[in-house]
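Presented below is the structure to which this report refers.
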Protein chains: 2
Amino acid sequence: MPKSIKKEINRENLLNQGVTMLMGQGYHGTGLQEILDAVNIPKGSFYNYFGSKENFGAEVIQHYIDPFITQLAAHLQQSETDALSAIQLYFTELIAELEKNQFKGGCLLGNLMGEIGDTSEVCQKSLQSAVNRYRKLLQSGLAKAQQQGTVRLDKSAEDMADLLLNSWQGALLRMKIEKSSAPVKQCCNQLLGEFFRA
Amino acid sequence: MPKSIKKEINRENLLNQGVTMLMGQGYHGTGLQEILDAVNIPKGSFYNYFGSKENFGAEVIQHYIDPFITQLAAHLQQSETDALSAIQLYFTELIAELEKNQFKGGCLLGNLMGEIGDTSEVCQKSLQSAVNRYRKLLQSGLAKAQQQGTVRLDKSAEDMADLLLNSWQGALLRMKIEKSSAPVKQCCNQLLGEFFRA
DNA sequence: TGTATAAATACGACCGGTCGTTTTTAAATT
DNA sequence: AATTTAAAAACGACCGGTCGTATTTATACA
């Protein structure tokens, strides 16, 4: 196998494992060796690939959010369902996934914003970018729903997207300590089911 | 100075310093020695007082939330102002404090829920208790505002308290990475200024 | 009340182990 | 043969926690 291919595979494996472990144990709670052992990659290679744990963290953040954006965008492009239903379905799927994980982990972005969002400049930048990409997509979905007449027009799509994401993050935190999906379900019902409706 | 007094002073100093440092650097990001050096207390004494870092963390959580509860309760008991105004004033003061700290730290409860809320059972219990004490107080304030006719009656005080706290936590996270009070101000305006109003 | 004894607490050096990073050596590619 | 990349080994700082001992406080006996 060519070396350049193996390098990409190694990087990918490290990022995947990084997502899992940073989400489960946090940034400072996860040692590099733990990650390296899990995917059987030498520490020297890691530093060839990423340079530092902090840079690695910043890449993990982007690697984490990509699939969520892809999935939400896919739902929004389904032409047979309206945008509000698409968003609701998307969050329903998220909740199912959280239940599958027995409410452990939650959201990597939320966890890292709280833990290192104000101490690591590199990760802070990455978090800004990740959150904003997600935010803008959700905002566009809500705007579409407004055009379709399912969502109220007297609030801006941006404000509603912000409120939804903020509440979602807070609900995820409470989910973690209560070991229950009640907070996240309540959050979706309150906003998508009532407050945002036209 | 009697030993039992010194012990209480030491404990208090450790808890105060613990609040500051755990909020600023996180649980795993803060070493015991750092805390001990800051207040000049030997490590042996620490272990006499608290038994473990984890138990210490659980106590720090309660020590952190107490003043917030006291302050909010005090505002709510001011008989000359209505409950909704009291809550709004309280949050305005919180925002002023966050700005004073240049948006660093945020909320210890939120940060620790994300970092160790699902990995440390002892701290999880403490977080549950702290959040619930706070939640119930805010709920009672909103119920009072409902009776006074300033807050809508078609949503339960409990649901609104949950929504407010969730959004607040999420807004604090975004405040940290954006280094701006805009998210928390927006959060308060949206809910206390619009959505909750009768 | 003064004194010996017991119990509790204070203390800081020290434990094995892990941290993230750097340096050095080996291997592969050009 | 020259250059780049992989991987192993080494690095000192630091981690949470424990240890035996020293000091203080409480109890019992005289």
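Labels below follow one simple rule: chain letters A, B, ... track the order of the sequence lines, proteins then strands, and each chain is numbered from 1.
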Closest listed nucleotide, where the reference is the side chain of A:Y47 and the choices are C:dA10, C:dT22, D:dA7: C:dT22

Tell me: CG of B:L36 to P of C:dC14, nearest whole Å? 18 Å

Rounded to the nearest 0.5 angstrom, the OG-CZ distance for A:S180 and A:F103 is 5.5 Å

Rounded to whole Å, please give me the gap between CZ in B:R11 and C1' in C:dA10. 15 Å

NA contact type, B:Y49, heavy-atom cut-off 4.0 Å: base, sugar-phosphate, or nothing? sugar-phosphate

For A:F50 and D:dA6, what is the distance between atoms CZ and P respectively, to the nearest whole Å? 12 Å

Looking at D:dA6, D:dG17, C:dG20, which one has an atom nearest to any side-chain atom of B:S52? D:dG17

Least distance between heavy atoms, B:Y49 atom then B:N10 atom: OH-ND2, 3.0 Å

Between D:dA7, C:dT21, D:dC15, which one does the side chain of B:E34 approach most closely? D:dC15

B:K53 atom NZ is separated from D:dT18 atom P, nearest whole Å, by 15 Å

Could you tell me which non-hydrogen atom of B:F56 sits nearest to which non-hydrogen atom of B:G18, and how far apart they are? CZ-CA, 3.9 Å

Non-hydrogen atoms of A:A157 and A:Q139 that approach each other most closely: CB-O, 3.6 Å

Separation of D:dT5 atom P from A:N10 atom CG, nearest Å, is 15 Å

Using a cut-off of 4.0 Å on non-hydrogen atoms, how would the nucleic acid contact of B:K43 be classed: base, sugar-phosphate, or nothing? base

Assuming nearest nucleotide by heavy-atom distance, tell me which of A:Q33 and A:G51 is located more 5' along DNA chain C. A:Q33

Rounded to the Å, how far apart are A:E8 CD and D:dT5 C1'? 14 Å

If you only use heavy atoms from C-beta on, which nucleotide in D:dA6, D:dC15, C:dA10 is closest to the side chain of A:S45? D:dA6

Assert: residue with more 5' nearest nucleotide on DNA chain D, out of A:G44 and B:L32, is A:G44

Which nucleotide in the set C:dG12, C:dA10, D:dG16 lies at the smallest distance from any side-chain heavy atom of B:P42? C:dG12

Specify the closest pair of heavy atoms between A:M160 and B:Q190, including all atoms of both residues, with the distance to one decimal. N-OE1, 4.3 Å

Expressed in angstrom and rounded to an integer, what is the separation of B:N48 atom CG from D:dA22 atom P? 17 Å

From CZ of A:F46 over to P of D:dT5, roughly how many Å is that when rounded to an integer? 18 Å

